[in-house]
Amino acid sequence: MNKKNKIGMSFRKIHNSRTDKVSREKVIVATGGHAGTTALAVIKEIKKSKLNWQLHWIGTKYAVEGKKTLTIEAKTMPQIDVKFHGLIAGKLQRKWSRYTLVSLAKIPFGFVHAFLLLKNIKPSLVLSFGGYAGFPVVVAAFLLRVPVVIQEQITGLGFANRMSLPFADRVALARKEGLKYAKGKGVLIGNPVNSEIIQLDAKKKMHTPPAIFIFAGSRGSQMINAVIEKLLPNLLANYTVYHHTGDLDYGKFRQVKEKLSIKVRKRYHVYQFIDPIDVPGFYEKSDILIGRAGANTVSEIMIVGIPAILIPLTWTNYQEQVLNANDAQKRNLVEVILPKDLTTEKLNHAIDHTKSTWYRKIQSQVRDLATLDMHASHKLIDVITEVMK
């Protein structure tokens, strides 16, 4: 055999090897909300499992219409080597503003844009975590005959996932109550939780002084911040406070901190944004959580065993956060304050009561749900693998 033929055979061998590798590689497009919690947990588990999957994320780039505040997925996905694709998507807004019509006009463009993105990416499967940005991607996947798995974090089935259900092959459910809404497509997996949170040691004693973590989601809460501002002098006399304000209130609370005495200022830590990757560290150094009652928050506090004061959103379509908060309250781990009842006095009383009953509360760690959620990421990967066969 001459040298030219040998080189030709070697080239074909290398080419065929590369072709086989590409053909074996699966392309997964993830989309929707909860990028800093559920999605992050699943993506990290996929990477840890060393699966030959190429990961993309399709979602909105900006958190608020008319502002340049990046969404948590736009910030987080590039950090964990997931290709982020900004989606032109509008949504129905509960409050009228000068941007309402702009957002409504974007809705039809979202479906077209999602279709074009998927056409270019050519995914093996679309994984939606719910939310208004996920729905057009799910519909586009259905039209392109791409398999779809949707994951639901709440007890029932959220609005976006109810709309997505007819276009989905499977619905991975956090709680068994969701099975009745899934129309035979449901599989119970639990709620995926960040592996670093699962690995945290169970709490045994409070810090000195005790530490409060105020964390109302990726954007913060101006309503909760307003009450905290009034309560802050009293809190800092007795607690270390880690306060995630969100973008809108960060400047104000930085000024509040600067006006504190040097001694008190050391106890107050204010953050504009907390990277989801860093959240386990805040759980570890905190004794009480004040926050919303999203499904992911409830799952995490049950696993970590951190007593919490939950202030659930009450203006969602199916009162999901109220259901989550009430469920956790029945298990004696949390205090619940509805937004209409939130006052400085009420929150202060809840903090004092939580501190005085702290040891009893950490013994209420809910092992049945915690165990289910600890293995949820693995189970979701199994569902994805099965649907892609």
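Computed from a predicted model, the values in this text were never measured in an experiment.
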Which of parallel (below 30°), tilted (30 to 60°) and perpendicular (above 60°) describes His378 and His375?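 Judged by the thresholds at 30° and 60°, the geometry between His378 and His375 is tilted.
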
Is it the case that more than 12 heavy atoms not belonging to [X] sit under 6.0 Å from its [atom1] atom?
X      : atom1 : result
Lys266 : NZ    : no
Phe142 : CZ    : no
Asp81  : CG    : no
His207 : NE2   : yes

Keeping the roles fixed (side chain from [X], backbone from [Y]), state whether a donor-acceptor pair exists under 3.5 Å.
X      : Y      : result
Asn191 : Ala174 : no
Gln151 : Val171 : no
Arg170 : Val149 : no
Gln153 : Asn296 : no
Trp358 : Asp287 : yes
Arg254 : Val270 : no
Asn120 : Leu116 : no
Lys185 : Leu165 : yes
Lys257 : Tyr268 : yes

Looking at Lys361 and Glu335, is any side-chain nitrogen of the basic one under 4.0 Å from a carboxylate oxygen of the acidic one?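 Between Lys361 and Glu335 there is a salt bridge, with a charged N closer than 4.0 Å to a carboxylate O.
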
[atom2] on [Y] to [atom1] on [X], rounded to 0.5 Å:
X      : Y      : atom1 : atom2 : result
Asn194 : Ser299 : CG    : OG    : 12.5 Å
Met302 : Met374 : CE    : CE    : 12.0 Å
Ile277 : Glu196 : CD1   : CD    : 8.5 Å
Leu127 : His56  : CG    : NE2   : 13.5 Å
Ser124 : Ile384 : OG    : CD1   : 11.5 Å
Thr343 : Leu231 : OG1   : CG    : 9.5 Å

So [Y] and [X], do their side chains get closer than 4.5 Å, heavy atoms only?
X      : Y      : answer
Ile351 : Ile290 : yes
Leu125 : Lys26  : no
Leu289 : Thr297 : yes
Ser49  : Glu45  : yes
His113 : Ile58  : no
Arg175 : Asp373 : yes
Met223 : Pro339 : yes
Leu70  : Tyr62  : yes

Test Asp249 against every option in His244, His243, Gln272, Gln222 by the side chain to side chain donor-acceptor pair (under 3.5 Å) rule and name the one that passes.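 That would be Gln222.
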
Exercise: identify the closest heavy-atom pair between [X] and [Y]:
X      : Y      : result
Val82  : Lys47  : CG2-CE, 4.2 Å
Pro276 : Phe273 : CD-CZ, 4.1 Å
Ala211 : Tyr242 : CB-CE1, 3.8 Å
Phe213 : Ser286 : CB-OG, 3.3 Å
Ala293 : Pro312 : CB-CB, 3.8 Å
His269 : Arg267 : CD2-O, 3.8 Å

Hey, quick one: are [X] and [Y] part of the same hydrophobic cluster, counting side-chain heavy atoms closer than 4.5 Å, chains of contacts allowed?
X      : Y      : value
Ile224 : Tyr239 : yes
Ile309 : Leu338 : no
Val187 : Ile154 : no
Leu310 : Val322 : no
Val334 : Leu323 : no

Between Tyr132 and Thr60, is a side chain to side chain contact (heavy atoms under 4.5 Å, CB included) present by the stated rule, with each step listed? CA-CA 9 Å; Tyr132 74 94; Thr60 51; 3.6 Å; yes

Consider side chain to side chain contact (heavy atoms under 4.5 Å, CB included). Of Ile198, Thr37, Leu200, which one does Glu300 pass it with?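 Among Ile198, Thr37, Leu200, the one that satisfies the side chain to side chain contact (heavy atoms under 4.5 Å, CB included) with Glu300 is Thr37.
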
Can you spot which of Leu117, Thr31, Leu118 makes a side chain to side chain contact (heavy atoms under 4.5 Å, CB included) with His85?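 Looking at Leu117, Thr31, Leu118, the match for His85 under the side chain to side chain contact (heavy atoms under 4.5 Å, CB included) is Leu117.
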
Test: Lys285 cationic atom under 6.0 Å from Phe282 six-membered ring centre, within 45° of axis: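 Pair Lys285/Phe282 counts as cation-pi.
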
Side chain to side chain contact (heavy atoms under 4.5 Å, CB included), that's the test. Do Phe129 and Glu73 meet it? Break it down for me. CA-CA 12 Å; Phe129 292 93; Glu73 51 265 34; over 6 Å; no

Determine whether the aromatic ring centres of Phe111 and Phe135 lie less than 6.0 Å apart.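 Under 6.0 Å, so yes.
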
Please evaluate residues Val27 and Lys122 with respect to the criterion side chain to side chain contact (heavy atoms under 4.5 Å, CB included), reporting the C-alpha separation (whole Å), side-chain torsions for both, the decisive distance (0.1 Å), and the verdict. CA-CA 7 Å; Val27 180; Lys122 298 179 175 59; over 6 Å; no

With side chain to side chain contact (heavy atoms under 4.5 Å, CB included) as the criterion, how do Lys379 and Leu372 come out once you've worked through the C-alpha distance, each side chain's angles and the decisive distance to 0.1 Å? CA-CA 10 Å; Lys379 291 180 180 178; Leu372 179 67; 3.9 Å; yes

